[in-house]
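On a predicted model such as this, the values are computed, not experimentally measured, just so you know. Proteins come first, then strands; the chains are lettered A, B, ... in the order of their sequence lines, and each starts at number 1.
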Amino acid sequence: MRWSRAFIPTLKEAPSEAIAPSHQLLVRGGFIRQVAAGIYEFLPLGLKVLKKIENIVREEMNKAGAQEVLLTVLNPRELWEETGRWELYGDELFKLQDRHGRDFCLGPTHEEEITDLVRKEVKSYKDLPLILYQIQTKFRDEKRPRFGLIRAREFLMKDAYSFDTDYKGAEEAYNLMGETYERIFSRIGLKYLRVLADTGQIGGKKSEEFVALTPYGEAKVAHCEKCGYAANAEIVPVQKPTPEGEEEKPLQKVHTPNVRTIEELAKFLNVPPRKILKSLLYIVEGKPVLVLIRGDREVDENKLERVLGTDNFRLATDEEIKEILGTERGFVGPINLPEGKVERILWDNSLYGVKNLVVAANEPHYHYINANPGRDFEYGEFYDLAEVQEGDPCPECGAPLRLSRGLEIGHIFLLGTRYSEPMQAYFVDRDGKEKPIVMGCYGIGVSRLMSAIVEQSYDENGIIWPINVAPFELEILPLNVTDEKQMEVAEKLYKEALNRGIDVIIDDRDERAGFKFKDADLIGIPVRIVVGRKVKDGLVEIQIRKTGERFDVPIEEALDKFEELKKELQKA
RNA sequence: CGGGGCGUAGCUCAGGUGGCAGAGCGCUGGCAUCGGGAGCCAGAGGUCGCGGGUUCAAGUCCCGCCGCCCCGACCA
């Protein structure tokens, strides 16, 4: 490619709406452009990277024996009615009608369609096992699209589905996909964690996420350096503490004017937050539910959802607190509750066995000190509702857990018969009996990967692409295009690089050197050969984007040296 | 969906109290220059998000709508 003819609209400044580094750099580097919230165009450079990622995914999937198909974007409503997801998927489903008024959706995922295909064609155990996959654009009307490609409403996904005669086979497929994912993410050059996860809306028996470690990620993961345990924070159990042996002191009511938050209270009464009982009033399916937790802990609403069995809940508003409990925010507690007003009281494990607590009095501007559950008010049902914290004991070995933020780039599910049963995807087994196919499903966010890579690999000058996914492997940069000798050498190197099959770009624009260096850094080409004054001594300079290293080599050795460097960069 | 912010040139932004539409960068032409977005001269470029209202007069004040971004809950 000749830069003078290329469509690479780079920007000196980041657009104001971009916050995440990957979003800013992908826009500035001319990889993507936004059309609407969460909807992006891929420009030539962006598409090149996307295709390289896609091909790595494809190669590894094929190696694992999976077969590529291409399903449809437009899905008829009937298919989604069969699994109940036309309703369950909710507003995230993009719905539309054809000219006859028939309902369709734009596929957000393809369990329904693939199961439909397989149930029609697979009749016997002889047709199994089978793994099918596709790389296709998905549509989800996300509540909040964010951070460029990180959470988009239209995005490229690789989705795979496995079909087996029994759980043993399904588990083998699941494990095979897990290993395949590890190979894919390693080849792409990502630092990631494989963690246990919630099966969530998709359903099923078991699932793991692959999380790219980056501070801009949306997922919180906990991992144990001692035993290797790793899980999405929302499923990490937090154990009950050992009961305190402290002696119970007499209950005392104290005036706490306008002291509402845990921090204010801790300061005002000079007690540590862990000695404060925090009470949160939730409205669950329209009914008030009180959640109690230790002052130094936060409620994990994913855990709460599992305990409540519904996602239809939210914190009560100030008005609701007044109306239901007759008190104000900050002064809600389990003591002196008005009779029959609260549907249910849930205790977090963190409060187990704690003594002499600070508890709000359910009366504005008053708290109790030295309140003791069991003596001053009743214990209730205990549950694990707390967010895991850095240093909490590992559920496997007890060593302190570490917390990191990350970006979910892949997710594998052992589905079982969640889809095959309702959709009646049966096969006839060796024993002549009809049985439901046992399924698994496996997703990779292909376009999201592009952002994940950038999040893990950039500096103040721009992107640093791993060589396997870089838009070009090599840039040849003649400093002065009006210098005949320089151009002659640059052109010669360019043509020979093309002959050798190197993915190369030559910056043949009549621009100042600094300008061209800035652009090259921004778009992140891993290696460049600078052709400058030293050509008259038979030398060119090689520069490595990642390390900033630069050194002279004889012109005729430059491309050999590049190929050597490429191998090293692929290993790193 | 709850809370907050922002919409003015291609980009980043400035435009007290209502009174001629602005800057830097980019773009076009010219000059100069050629190892880190340097400089000089000249020029083009606007439905001030959209609709209504108040006013002699609205980018500015009021009402409604739309769009985009951020925090929270959900997902690859």
[atom1] of [X] versus [atom2] of [N]: gap in Å, rounded?
X: A/Glu13; N: B/rA9; atom1: CD; atom2: C1'; result: 14 Å
X: A/Ile8; N: B/rG10; atom1: CD1; atom2: C1'; result: 18 Å
X: A/Leu539; N: B/rG35; atom1: CG; atom2: P; result: 17 Å
X: A/Phe210; N: B/rC75; atom1: CZ; atom2: P; result: 18 Å
X: A/Leu315; N: B/rG3; atom1: CG; atom2: C1'; result: 13 Å
X: A/Asp521; N: B/rG37; atom1: CG; atom2: C1'; result: 11 Å
X: A/Glu154; N: B/rA76; atom1: CD; atom2: P; result: 18 Å
X: A/Lys518; N: B/rC34; atom1: NZ; atom2: C1'; result: 17 Å

Any salt bridge between [X] and [Y], counting N to O under 4.0 Å?
X: A/Asp483; Y: A/Lys485; result: no
X: A/Glu208; Y: A/Arg194; result: yes
X: A/Asp521; Y: A/Arg528; result: yes

Worksheet item: What residues form a salt bridge (charged side-chain N to carboxylate O under 4.0 Å, His left out) with A/Lys220, not counting sequence neighbours?
Response: A/Glu387
Is any side-chain N or O of [X] under 3.5 Å from a base N or O of [N], one able to act as donor and the other as acceptor?
X: A/Arg448; N: B/rC75; value: yes
X: A/Glu541; N: B/rG35; value: yes
X: A/Asp519; N: B/rG37; value: yes

Roughly how far apart, to the nearest Å, are [N] and [M] at atom [atom1]?
N: B/rG37; M: B/rU55; atom1: C1'; result: 48 Å
N: B/rG16; M: B/rA9; atom1: C1'; result: 24 Å
N: B/rG18; M: B/rC56; atom1: P; result: 15 Å
N: B/rG4; M: B/rG64; atom1: P; result: 15 Å
N: B/rG46; M: B/rG5; atom1: C1'; result: 25 Å
N: B/rA44; M: B/rU28; atom1: C1'; result: 7 Å
N: B/rA14; M: B/rG53; atom1: P; result: 30 Å
N: B/rA42; M: B/rC25; atom1: P; result: 14 Å

Within the structure shown, what part of the strands sits under 4.0 Å from [X] by heavy-atom distance: base, sugar-phosphate, or nothing?
X: A/Arg33; result: nothing
X: A/Gln543; result: base
X: A/Arg151; result: base
X: A/Leu479; result: base

Of the listed nucleotides ([options]), which one gets closest to any side-chain atom of [X]?
X: A/Arg550; options: B/rC34, B/rG35, B/rC74; value: B/rG35
X: A/Val530; options: B/rA38, B/rG35, B/rG37; value: B/rG35
X: A/Pro15; options: B/rG35, B/rU12, B/rC34; value: B/rU12
X: A/Lys534; options: B/rC74, B/rA73, B/rG35; value: B/rG35
X: A/Glu142; options: B/rC34, B/rG36, B/rA76; value: B/rA76
X: A/Arg528; options: B/rC74, B/rG36, B/rC34; value: B/rG36

Worksheet item: Can A/Phe515 be called stacked on B/rG37 when the rule is centres closer than 5.5 Å and an angle between planes below 30°?
Response: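 Base of B/rG37: not stacked against A/Phe515.
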Could you tell me how the ring of [X] sits relative to the ring of [Y]: parallel (under 30°), tilted (30 to 60°) or perpendicular (over 60°)?
X: A/Tyr174; Y: A/Tyr442; value: tilted
X: A/Phe210; Y: A/Tyr192; value: tilted
X: A/Tyr181; Y: A/Phe185; value: perpendicular

Worksheet entry | Cation over ring face, A/Lys303 and A/Tyr383, 6.0 Å, 45° |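 A/Lys303 over A/Tyr383 ring: no.
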Worksheet item: Do A/Thr180 and A/Glu60 get their side chains close enough for a donor-acceptor pair, meaning under 3.5 Å?
Response: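 There is no such pair between these side chains.
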Quick one: look up who [N] pairs with, Watson-Crick or G-U, both distances under 3.5 Å, and put none if it's unpaired.
N: B/rG51; value: B/rC63
N: B/rG35; value: none
N: B/rA73; value: none
N: B/rG26; value: none

Tabulated below should be each protein N or O lying under 3.5 Å from an N or O of nucleotides 66-70 of chain B; please produce it.
residue	atom	partner	partner atom	Å
B/rC68	OP1	A/Ala37	N	2.8
B/rC69	OP1	A/Gln34	NE2	2.7
B/rC69	O3'	A/Glu17	O	3.4

Worksheet item: More 5' along RNA chain B: A/Gly445 or A/Arg533, using each one's nearest nucleotide?
Response: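 Upstream on the strand: A/Arg533.
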Worksheet item: If each of A/Ser447 and A/Ala513 is mapped to the nucleotide of RNA chain B with the nearest heavy atom, which maps nearer the 5' terminus, i.e. the 5' end?
Response: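 In this pair, the answer is A/Ala513.
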Practice prompt. Determine, step by step, whether A/Lys278 and A/Glu298 satisfy the salt bridge (Lys or Arg N to Asp or Glu O under 4.0 Å) criterion, reporting the C-alpha distance in whole Å, the side-chain angles of both residues, the deciding distance to 0.1 Å, and the verdict.
Written response: CA-CA 9 Å; A/Lys278 183 157 67 177; A/Glu298 301 296 330; 3.6 Å; yes
